[in-house]
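This report refers to the structure that appears directly beneath it.
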Protein chains: 2
Amino acid sequence: MTATTDQDAALRIASGRKPFVEPLRLGERLREIRLAHQWTLEDVSQRTGLARSTLSKIENDQISPTFTAVQKLIAGLGIDLPQLLSPPRQQARTNGRRDLTRRGQGELHPTPTYEHELLSCELAQKRMIPFKTIVRARRFEEFSEWVRHDGEEFLMVLEGEILLYTEFYEPLRLESGDSIYFDSDMGHALVSTSREDAVVLSVCTRGEAA
Amino acid sequence: MTATTDQDAALRIASGRKPFVEPLRLGERLREIRLAHQWTLEDVSQRTGLARSTLSKIENDQISPTFTAVQKLIAGLGIDLPQLLSPPRQQARTNGRRDLTRRGQGELHPTPTYEHELLSCELAQKRMIPFKTIVRARRFEEFSEWVRHDGEEFLMVLEGEILLYTEFYEPLRLESGDSIYFDSDMGHALVSTSREDAVVLSVCTRGEAA
DNA sequence: GAAACCTGTTTCCTATAGTGAACACGCCGC
DNA sequence: GCGGCGTGTTCACTATAGGAAACAGGTTTC
């Protein structure tokens with residue numbers, strides 16, 4: 001398995017997205033949107049080109065719309081897909097959620113090159129993914145390919161010293177306390193250069209639709 | 001203290017929503033993902049529960065998959081929907097920006113209770129705001145009111161020990177290495193409890209329109 | 001080199017999504 | 001009350017997605 005998929009998998013798990021497919025009350029959500037705009041089924045029908053009856057069935061979960069139908073929906077309603085798929089958005093904002101992770105109590109995800117400790121992994125639906133990493137790699141050649149994933153990444157060296165290899169820059173030496181922010185779809189890879197394996201704290205943004 | 005500027009908001013408004021529906025070569029994208037993982041149609045079939053023939057047709061744009069089929073896909077392949085729908089991903093986006101901040105070289109923003117050092121502040125348009133903070137406050141009463149700002153916050157104690165007061169929870173003692181993730185529109189405030197002023201690393205999400 | 005595999009594609013057939021028309025209900029104005 | 005509207009739902013039919021099996025091409029095996 002490649003370094004990329006490892007990291008991706010780790011991030012996906014960390015992101016708190018349930019591995020199963022969510023119930024996804026798409027119909028319910030559609031009705032919600034429609035009523036919020038004070039639209040009738042006929043209005044939506046004209047906007048989307050879908051038959052009134054079809055819309056009714058979708059809202060009542062009697063049929064599972066075709067993907068082309070979904071496209072017509074998002075085009076006609078002027079919304080984007082993530083919006084259609086995020087029912088719990090409404091007041092998930094002022095929840096006052098929190099998730100504590102004591103030192104060393106994160107979820108471990110070892111790979112040949114990195115040893116990740118995912119922090120705050122109790123919390124689903126978060127916009128950032130924090131994790132602490134022990135950098136086991138000692139040479140750039142240990143990576144079969146660039147690590148890359150959508151979004152942005154912030155990184156601070158907690159202990160030791162590392163060399164940050166990136167696709168478009170010369171390798172960069174980072175010591176304890178140094179930090180860097182970069183676009184993480186640019187290939188990147190870390191190796192420890194201190195005697196002890198270096199420890200870094202990373203925070204990635206969660207992938208969002210383009 | 002949020003350091004949130006209006007740039008993002010302005011740009012977002014200016015950009016508007018895309019007026020046309022994307023071509024959305026879903027089949028192409030699926031094949032891309034499949035080949036990237038070196039999977040055969042049969043592999044994907046077993047993972048998703050969809051027939052080999054169906055997958056073939058989807059990849060060749062001969063049919064438009066049902067939404068339930070799409071759900072099986074994202075569940076079986078372990079990807080999330082935005083990932084499946086971002087065709088222009090291939091390598092167009094890679095900006096490759098980066099912003100290095102050496103230890104102690106951030107931008108200082110002192111307040112009576114906190115002494116912030118903003119990290120990576122060269123970079124505009126980023127989705128996260130990282131900063132290191134020396135917690136000068138010693139008693140909760142030193143705060144005239146709750147600190148709160150839209151979005152989410154991740155926090156790790158780097159040195160010393162703090163007490164985290166939050167609007168909806170009992171105060172929480174955090175020691176070096178402990179971390180916490182919380183909705184930052186919930187009121188919060190930090191005080192140092194160790195002999196030396198505690199130092200914490202925080203990362204906030206940038207406000208995004210609902 | 002043929003038989004036994006694999007790959008991806010294509011061919012039926014059936015299950016179901018999508019449509020237009022009929023339906024039931026509530027809301028007017030007269 | 002009545003008929004006209006408009007709402008959302010249900011029907012009957014057609015179009016199409018999904019599945020099992022057959023197919024065509026390539027590679028491996030003896």
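Note that these values count all heavy atoms, side chains included, but never hydrogens, waters or copies made by symmetry. Each chain gets a letter, A, B and so on, in the order the sequences are listed, and its residues count up from 1.
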Next item on the list: Using the test side chain to side chain contact (heavy atoms under 4.5 Å, CB included), find all partners of B:Gln62 that sit at least two apart in sequence or belong to another chain.
Entry: B:Lys57, B:Asn60
Check: From the 5' end of DNA chain C to its 3' end, which nucleotides mark the outer limits of contact with chain A, defined by a 4.0 Å heavy-atom distance cut-off (strictly under)?
Finding: C:dA17 to C:dA22
Item checked: All side chain to side chain contact (heavy atoms under 4.5 Å, CB included) counterparts of B:Glu167, not counting sequence neighbours -> B:Trp146, B:Arg148, B:Met186
Note to self: Taking side-chain hydrogen bond (donor to acceptor under 3.5 Å, both in side chains) as the definition, give me every residue that meets it alongside A:Thr101, ordered by chain and number, with sequence neighbours left out.
What the structure shows: none
Next item on the list: Please identify each residue that fulfils salt bridge (Lys or Arg N to Asp or Glu O under 4.0 Å) with A:Arg173, with sequence neighbours left out.
Entry: A:Glu161
Item checked: Contacts of B:Phe154 that satisfy ring-ring contact (aromatic ring centres under 6.0 Å, His included) - sequence neighbours left out -> none
Next item on the list: Mind running a 4.0 Å heavy-atom check of residues 43-56 of chain A against DNA chain D and sending the residues that fall below it, in number order?
Entry: A:Arg52, A:Ser53, A:Ser56
Check: Toward the 5' end of DNA chain C, which comes first, B:Trp39 or B:Lys57, by nearest nucleotide?
Finding: B:Trp39
Notebook entry, point to check: Can you name the residues that form a side chain to side chain contact (heavy atoms under 4.5 Å, CB included) with A:Ala69, not counting sequence neighbours?
Noted result: A:Leu50, A:Pro65, A:Thr66
Item checked: For B:Glu107, all residues meeting salt bridge (Lys or Arg N to Asp or Glu O under 4.0 Å), sequence neighbours excluded -> none
Notebook entry, point to check: If only atom types and distance count, is the side chain of B:Lys132 paired as donor or acceptor with the main-chain N or O of B:Gly106 below 3.5 Å?
Noted result: no
Item checked: Results of salt bridge (Lys or Arg N to Asp or Glu O under 4.0 Å) for B:Glu42 - residues two or more places apart only -> B:Arg52
Notebook entry, point to check: For DNA chain D, which nucleotides open and close the run of contacts to chain B, 5' to 3', at under 4.0 angstrom from a non-hydrogen atom?
Noted result: D:dA17 to D:dA22
Next item on the list: Apply side chain to side chain contact (heavy atoms under 4.5 Å, CB included) to A:Arg102 and list each qualifying residue two or more places apart in sequence or on a separate chain.
Entry: A:Leu100, A:Gln105, B:Leu172, B:Leu174, B:Asp178
